[in-house]
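Just so it is clear, the model here is predicted, and its values are computed rather than measured. As the structure lists them, so they are numbered: ligands from 1, and atoms in each ligand from 1.
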Amino acid sequence: MAPLRNTLLVGFSLIAVVIAALLGLQQTPLIDDTTYCYDHVSTLAESKPVAKCFSVGSDGTFTRIYASQDDAPDAHVKISGSVIPGLWDGHGHIQGLGELISTVDLFGSTSMEDALQRVSSYFEKHATSGTREDWLRGTGWDQAAFGRMPTANDFDKIPGLKDKYIMLSRVDVHCVWVSHAVLKLLPDIPEKVPGGEIITDPGRGVFCDNAIDLVSKHWPKPSEEKLASWIKSAMKEMNKVGLVGAHEAGVIPPVLQLYNRLADTEDWTVRVYAMLECEKRNTFCPEIGGKFTGARQDGKLAVQSVKLFADGALGSWGSAMIEPYSDRPSSSGSLLINGTDLKLITQRWAQEGYQVNIHAIGDLANRYAVDAFLASYPLICPGMSAKECQATRRFRIEHSQIIHPDDQARIHKFGIIPSIQPTHATSDMAYAEARLGPERTSKEAYRMKSFIALNPILGSDFPVEPANPFHGMYAAITRRNPKTGKGKDGSTDGWHSEEALNLTEAVLGFTKNPAYGAFLEEKAGVIQPGAFADWVVLESPLEKLAADDLLTLKVQQTWMAGKLVYAKSNKQ
Ligand SMILES: *[C@@H]1O[C@H](CO)[C@@H](O)[C@H](O)[C@H]1NC(C)=O
Ligand SMILES: *[C@@H]1O[C@H](CO)[C@@H](O)[C@H](O)[C@H]1NC(C)=O
Ligand SMILES: [Zn+2]
């Protein structure tokens with residue numbers, strides 16, 4: 001599609017512009033600015049919430065906002081449609097999304113036969129995959145759909161796959177299912193792995209949480225070229241649904257170095273707020289990550305946070321609970337790190353200047369995350385109150401899924417930021433109450449409205465859930481599953497709809513709140529002078545849409561740093 005930019009060649013001398021600017025003559029556009037007008041612009045800025053036009057400077061930021069088309073310079077580009085600020089996903093995995101697009105998609109597979117069929121048809125198209133150097137990969141299976149855990153034997157049913165190297169991640173990526181060829185690489189499988197599980201019933205083949213390392217250390221790491229192509233396809237997919245930015249919840253140092261190079265290229269069309277993750281989880285590795293690199297001038301990549309992991313996921317009974325699971329009374333899940341060590345590692349990263357973002361799903365993990373932050377404030381902000389310290393460092397809890405009322409109160413008291421995925425609530429509602437029982441479900445689980453005063457960051461955890469932020473907004477405002485439009489067990493009611501947000505709150509969760517959580521307030525998630533010129537064009541104003549419209553809504557255009565990065569073709 002032809003670029004819409006049309007550089008103004010207004011015959012001002014630079015001096016005139018400077019004088020005009022000094023005198024505050026607001027109507028004078030800068031020479032290199034381009035002005036765009038739309039039917040409607042929702043800026044989310046307090047001073048001018050609704051506008052018609054805006055100018056974009058050559059540095060890719062907004063320079064001027066115009067309430068009416070008459071105020072805008074005559075030489076402007078008029079495009080039909082309604083604009084909102086570019087959207088951000090507060091917790092996603094870009095590399096994982098790219099890999100998902102390029103490997104077997106097992107999401108929504110309804111039976112073992114269905115899953116194996118998908119593997120088989122992928123293999124037909126990619127006959128060279130499955131070697132020792134290039135394992136056949138996929139993501140999205142769920143044993144709940146199989147009626148039992150899968151095993152390595154299951155692959156033997158597919159012709160041609162018997163000796164192939166296969167590793168398929170569970171829907172929540174907390175377990176992998178591997179083939180016999182992979183098992184043969186592991187001669188001495190231990191009985192137990194702390195913080196992990198080796199499944200043996202009904203047979204071998206599945207490794208969960210910390211036990212995944214036994215397998216993944218043999219997995220041939222993708223080449224840089226392959227990684228770069230994954231990132232590119234993931235970013236295209238994200239632009240298509242209106243995303244201009246993402247908080248990537250865990251990027252290891254070598255990938256970060258690749259990102260730094262890719263961020264200079266045209267293919268880098270999404271801003272990335274990367275949470276550093278050490279190659280060995282929950283350790284300390286600032287020297288490898290490149291000590292606190294902060295943000296690039298162009299705002300396309302920033303590293304000033306670290307991702308730690310307190311526990312696993314609810315689906316596989318891996319999240320760490322204060323009390324045992326209701327449907328597995330012998331277990332209360334497992335911590336990936338004990339409370340003492342979580343405190344120590346949090347303090348170390350905090351003292352190094354990092355924002356610390358802790359993955360915590362179960363109520364015990366969330367409790368220890370709060371404890372770890374509380375233990376860090378006095379070290380990093382002597383003489384400040386815990387609340388003031390938290391406001392400067394913005395520590396976050398990633399997922400914040402099941403939280404004891406006492407800890408909800410502490411999170412409120414100190415202003416700890418919850419980073420929430422509304423579609424996790426609507427995917428997990430099928431089994432959450434079985435795991436937790438009615439009491440914990442109604443008092444502790446999947447809070448959203450209860451946390452609204454904390455400006456929760458919303459996201460999808462893509463590729464675990466689809467990246468489409470409008471589906472996230474739908475889940476947040478209806479507490480129904482965007483895939484079915486239904487609540488729990490096919491009900492038309494939302495699941496615990498007392499925790500539903502309204503649309504404004506949901507939109508903030510994908511704009512201003514992630515901006516704040518990335519130290520980008522006034523720069524991202526808002527259309528105002530000085531902010532990144534990132535915007536999304538919709539057919540009609542977002543605030544006019546009904547909940548169901550969010551499910552079918554198609555983004556018309558996505559712009560990042562003043563450049564068109566996605567345009568819907570007329571055929572779509
Ligand atoms: C926590 O874990 C570390 C390392 O595994 C161990 O050395 C320490 O004793 C544990 N502390 C407690 C209180 O369990
Ligand atoms: C949404 O909730 C906020 C409070 O968080 C309230 O101020 C606003 O009026 C509500 N918006 C709508 C459209 O109900
Ligand atoms: Zn995640």
Hey, what's the angle at the Zn ion (ligand 3) spanning OD1 (D461) and NE2 (H91), nearest 10 degrees?
-> 90°
Measuring to the Zn ion (ligand 3), does H93 have an N/O/S atom at a distance below 2.8 Å?
-> yes
Answer yes when K226 and E99 have at least one side-chain N-carboxylate O distance shorter than 4.0 Å, and no when they do not.
-> no
Considering only NZ, NE, NH1 and NH2 on the basic side and carboxylate oxygens on the acidic side, decide whether D371 and K343 come within less than 4.0 Å.
-> no
Around atom 13 (C) of ligand 2, find the nearest protein heavy atom and jot down its residue, atom name and distance.
-> T504 OG1, 4.1 Å
Looking only at protein heavy atoms, which one is nearest to atom 3 (C) of ligand 1, and how far off is it?
-> D341 OD2, 3.1 Å
For the residue pair F414 and L374, establish whether any side-chain heavy-atom pair is separated by less than 4.5 Å.
-> yes
Nearest protein heavy atom to atom 4 (C) of ligand 2, by residue and atom, and its distance?
-> E505 OE2, 3.3 Å
Return a yes/no value: protein heavy atom under 4.0 Å from atom 7 (O) of ligand 2?
-> no
With only distance considered, is K449 within less than 3.5 Å of ligand 2 through an N or O on each side?
-> no
Sole residue of K307, H247, E248 in side-chain contact (heavy atoms from CB on, under 4.5 Å) with H91 | K307
Of all the non-hydrogen atoms in the protein, which one sits nearest to atom 2 (O) of ligand 1, and at what distance?
-> N338 ND2, 2.3 Å
Atom 11 (N) of ligand 1 touched by protein heavy atom at under 4.0 Å = yes
What are the atoms of ligand 1, with element, lying closer than 4.0 Å to any heavy atom of T340?
-> 13 (C)
Answer yes if the side chains of E465 and S427 hold a donor-acceptor pair under 3.5 Å, and no otherwise.
-> yes
Determine, using ring centers only, whether W88 and F510 are less than 6.0 Å apart.
-> no
So, do H399 and H174 have ring centers that fall under 6.0 Å from each other?
-> no
Nearest-0.5 Å distance that lies between atom OG in S319 and atom CG in L364 | 10.0 Å
Can you tell me which residue and heavy atom of the protein come closest to atom 9 (O) of ligand 2, and the distance to 0.1 Å?
-> N502 ND2, 4.8 Å
